[in-house]
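Presented below is the structure to which this report refers.
So that the names make sense, note that chain A is the first sequence line, chain B the second, and so on, each numbered from 1.
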Amino acid sequence: MDRIRRNKLVIFVLVFPGLLVFTFAVLYPIFMSAYYGMTDWKGIGEFNIVGFENYRKVIFEDKIFRTSLLNAAALAFFTVFVQHPVAMFFAIITDKIGGKLESFFRAVFFVPCVISIVVTSKMWVNVLNSNYGLLNKILDAINLGFLKQDWLGHKDIALFSVIFVIMWQGFGYAYLIYYSGIKGIPEELLEAGRIDGANSWQQFSKITFPMLKPVIMVNVSIAITSSLKQMEPIYLMTNGGPGTRTQFVANYLYMQAFSAQKYSYANAIAVVFVIVCLITTVVVQNIFRSRD
Amino acid sequence: MTSAGYDSPLKNAKTKARALRYIQIILCALMTVGCVFPLIWLIDFSLVKANELFGKNFLVWPKEPHWENYYLALTDGKVPQYLLNSVFVSFVSVGLIVLLSVMMSYGFTRMKWRLSKVFLNIVLLGFMIPIHATLLSNFITFSRLHIQDSPMALIIPYVAFNLPQATFIMTGFMDSVPKEIEESALMDGCSILRLLFTIVFPVLKPAVMTVIITSFINVWNEFIMAATYLTSDRFRTLPFSIYNFAGMYSSNYSAQFAVMTLSALPSLIAYVILNKHITKGIAAGAVKG
């Protein structure tokens, strides 16, 4: 028995194909980027090794890189403190509604998540359009016409519009995770609370919220790391503009490589980006673990 | 409600509970509007003339639906071709993701070798690595290997980037499955690979479903790799049709909306049919992942 489970050939056959694909398309490119980042290559032609010059610039001098990180932090902040409380609230009330309506609402809230980001992003570009967009029309209709904006073009508002769209798209995920967490709380606990005369708020703060803690941790760490990794909505809605107001790291490095022809510099950004992601994940998990 | 003050406490509590329930339902209904109204707006204006979008109304009644918008979407938008490409790439990718993750997870959890934990953690590291950081150098690598602008340029990275989550879900599930049945089959001289496909696979069905659903949604909707690694039109996938079409018909909004509606349709239909499985799969994938 033990001999079968230690058979080297079998282990190799099982594990090698997956590891090969993973290494080839995920790990190898990071190492290649680390190397390209040390050159002055433009993507074609000859190049020289320039050492850590690109990395130094990314970390210490690049203001756009810093803006991109701050934008990601803003997105993470709004996701955790706006989207998540709303998602949790709706998870709790749909659970209370029960029956067919509950399944209906649960199904509908997730609809935006199954639609391609390309569709939803382009749809929102139209909804937010200043000439014919749905949002401005609604504002006109309810006599709030003075609030009309070029939602994606205004330098102080664009970031919030982008954040709103990303939160809209991701709402279903956050909701669903809280919802399944609430379904996992044993009914007897809530029943016992009710018998002891707990009101809705006490039920939430004394039973539901503490019981949800593990789920909250998972959900919040997903939110923080995915805020950092946003790209498609930005690429498709504003491409980082106006100016660099809505720039995010992934979109920035993409622009540097394919529009600005700074291939080696873009690779340096990519490597710093990976390191930032790794550090953030480790830090977030450690904070949660020590809280536990 | 006005007489509530005079009612018995029990009745009063009942009225209150009912009022609360109505409020809850109304709030959820408002949220529903928030989630789907933009989509309804999109579909509505895909059926009218482009200039109607500049009118005052939120929605218009398409007295004579302008189906030619959809005709344009199907012909110049090449939706059918992109759809076929998407189907091909997604099925092959998801099939490989399931196969490779089951094999790897079995190797990591059931086989006994010294470095199994190390390699498992290396794969799980993939969770933290952003796809976008690999775009630049994969672009170069793929063109050097002459696989850029082919389905391989999508299938390979799609499989690679979905393996960490799939492996995480599979190893978690395998740990919770007792080994007894396997052991007796092995005693009877069954080989590991046969065991894997005849005995282990069926037991893993719930985890396999979760992996299929999560990775299918990822792969089906993926855009940036498809936009980067494919340079010609031949193998482009569904999300790209909108991007392409927006350039060709930049002022014909209705036709653009028709393309968007059409490309959202397959996933919407799949969701309506499979919604229970999908929501369950997503929740399981997230909490275990």
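A:F110 and A:Y173 have perpendicular rings, their planes meeting at more than 60° on a 0 to 90° scale where under 30° would count as parallel. Taking the six-membered ring where tryptophan is involved, the planes of A:Y235 and A:Y254 are perpendicular, since the angle between them exceeds 60° and thus also 30°. Relative orientation of the B:F257 and B:W41 rings is tilted, given thresholds of 30° and 60° on the angle between their planes. Ring geometry, B:F108 versus B:W113: the interplanar angle falls under 30°, so the pair is classed parallel (tilted spans 30 to 60°).
With a 4.5 Å cut-off on non-hydrogen atoms, B:L53 touches chain A through its backbone and its side chain both. At a 4.5 Å heavy-atom cutoff, the contact between A:F24 and chain B is made by backbone and side-chain atoms alike. Only the side chain of B:L145 has a heavy atom closer than 4.5 Å to any heavy atom of chain A. Proximity to chain A involves both the backbone and the side chain of B:F58, based on heavy atoms less than 4.5 angstrom apart. Proximity to chain A is limited to the side chain of B:I278, based on heavy atoms less than 4.5 angstrom apart. Interface remark: B:I224 contributes backbone and side-chain atoms alike to the contact with chain A (heavy atom separation under 4.5 Å). Both the backbone and the side chain of B:T228 come within contact range of chain A, judged by heavy atoms closer than 4.5 Å. Looking at B:P164, only its side chain comes within 4.5 Å of chain A, counting heavy atoms on both sides. When heavy atoms are compared at a cutoff of 4.5 Å, A:V86 approaches chain B solely by way of its side chain, counted from C-beta outward. In this structure, chain A has heavy atoms under 4.5 Å from both the backbone and the side chain of B:I156. Interface remark: B:I25 contributes backbone and side-chain atoms alike to the contact with chain A (heavy atom separation under 4.5 Å). Looking at A:L20, there are no atoms closer than 4.5 Å to chain B (heavy atoms on both sides), in backbone or side chain. At a 4.5 Å heavy-atom cutoff, the contact between B:L39 and chain A is made by backbone and side-chain atoms alike. Contact of B:L27 with chain A is made through backbone and side chain together, with heavy-atom distances under 4.5 Å. Of the atoms belonging to B:Y253, it is side-chain heavy atoms, and not backbone ones, that fall under 4.5 Å from chain A. Proximity to chain B is limited to the side chain of A:L101, based on heavy atoms less than 4.5 angstrom apart. Contacts between B:T134 and chain A at a heavy-atom distance below 4.5 Å involve backbone atoms as well as side-chain atoms.
When the candidates B:S267, B:S263, B:S105 are compared by the number of heavy-atom contacts under 4.5 Å with chain A, B:S267 comes out ahead.
A centroid separation of 6.0 Å or more is found between the aromatic rings of B:F139 and B:Y229. Taking the six-membered ring for Trp and the full ring otherwise, the centers of A:Y175 and A:F90 sit at least 6.0 Å from each other. A:Y263 and A:F258 have their aromatic ring centers separated by at least 6.0 angstrom.
By the side-chain contact (heavy atoms from CB on, under 4.5 Å) test, A:M38 pairs with A:F52, A:Y55, sequence neighbours left out. Every residue meeting the side-chain contact (heavy atoms from CB on, under 4.5 Å) condition with A:A72, not counting sequence neighbours, appears here in chain and number order: A:L228, A:F248.
By the 6.0 Å contact criterion, NZ on A:K262 is open, its count of non-hydrogen atoms from other residues, nucleotides or ligands being 12 or less.
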